[in-house]
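What follows is one structure encoded as structure tokens, with my remarks underneath.
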Amino acid sequence: MPSNDARILLQAAVPTAAVGAIAAAVGGVVAGGKGAIGAVVATLVVILFMGLGLYVLQRTAKSLPHLFQAMGLLLYTAQILLLFIFVAAFKNTSLFNPKSFALTLVATTLAWIGAQARAHMKAKILYVEPESSKGDKPEKTGHSS
């Protein structure tokens with residue numbers, strides 16, 4: 001994974017894990033051990049889904065750049081639908097507190113999206129290919145200002 005991609009993944013995963021840890025503490029206080037377990041499971045689900053989504057999106061951007069925007073919209077729609085399916089599937093579970101699970105799922109998803117947006121805004125990603133050593137003209141890969 002290129003360094004920019006790994007940096008963005010790390011900058012999104014760390015705040016998400018921090019929100020999950022806070023949610024686990026709150027879930028533990030409010031709903032006991034099952035509340036903490038529900039929060040931890042939700043945090044792991046979000047980090048796994050969103051991390052895999054970011055990986056797929058970065059691979060799409062490199063191999064099929066013309067499909068990047070459509071793939072991004074499809075991917076985020078699929079992720080949200082899968083998260084709703086997880087909430088529906090575990091709403092009557094006795095393994096952990098379902099309310100803690102659902103609230104943590106929403107909170108960590110929002111934390112991931114916000115952190116990823118911030119990481120992308122702060123990333124200094126070139127939109128023009130630098131000149132090669134052969135003296136070729138640089139190739140534009142984005143919009144020019």
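FYI, the numbering just counts along the sequence from 1.
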Notebook entry, point to check: What do the steps show when you test Trp112 against Phe49 for side chain to side chain contact (heavy atoms under 4.5 Å, CB included), and what is the final call?
Noted result: CA-CA 11 Å; Trp112 180 282; Phe49 275 22; over 6 Å; no
Checklist line | Step-by-step side chain to side chain contact (heavy atoms under 4.5 Å, CB included) determination, Gln79 to Thr109 | finding: CA-CA 10 Å; Gln79 286 174 330; Thr109 299; over 6 Å; no
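Using a 4.5 Å heavy-atom cutoff, the side chains of Leu105 and Val45 are in contact. The shortest distance between side-chain heavy atoms of Leu54 and Gln116 falls below 4.5 Å. In this structure the side chain of Met50 never reaches within 4.5 angstrom of the side chain of Thr108, judged on heavy atoms.
Counting only distance, with no hydrogens or angles, the side chain of Ser100 and the backbone of Gly35 share a donor-acceptor pair below 3.5 Å. Using a distance-only test at 3.5 Å, with no hydrogens or angles considered, a donor-acceptor pair links the side chain of Lys34 to the main chain of Ser94.
Within the model, atoms NE2 of His120 and CD1 of Ile8 stand 4.0 Å from one another, a figure rounded to the nearest 0.5 Å. We find the OG1-CD1 distance between Thr16 and Ile113 to be 9.5 Å, quoted to the nearest 0.5 Å. Taking OG1 of Thr60 as the reference point, atom CG of Leu67 lies at 7.5 Å (rounded to 0.5 Å). Separating the OH atom in Tyr76 from the CG atom in Leu81 is a distance of 15.0 Å, to the nearest 0.5 Å. Note that the CZ atom of Arg7 and the NZ atom of Lys122 stand 12.0 Å from one another [nearest 0.5 Å].
Looking at every heavy atom in both residues, Ala115 comes nearest to Ala12 through CB-CA, 3.8 Å. Here the closest non-hydrogen pair linking Val87 and Ala102 is CG1-CB, 4.3 Å. In this structure, Ile47 and Ala13 approach most closely via the heavy-atom pair CD1-O, 4.2 Å.
Using the six-membered ring where Trp is involved, Phe101 and Phe90 have ring planes that are perpendicular, over 60° apart on the 30 and 60° scheme.
Using a 4.5 Å cut-off between side-chain heavy atoms of Ile, Leu, Val, Met, Phe, Trp and Tyr, with links allowed through other members, Leu95 and Ile85 fall into the same hydrophobic cluster.
The side-chain contact (heavy atoms from CB on, under 4.5 Å) with Thr104 is formed by just one residue from the set Val40, Thr43, Val19; it is Thr43.
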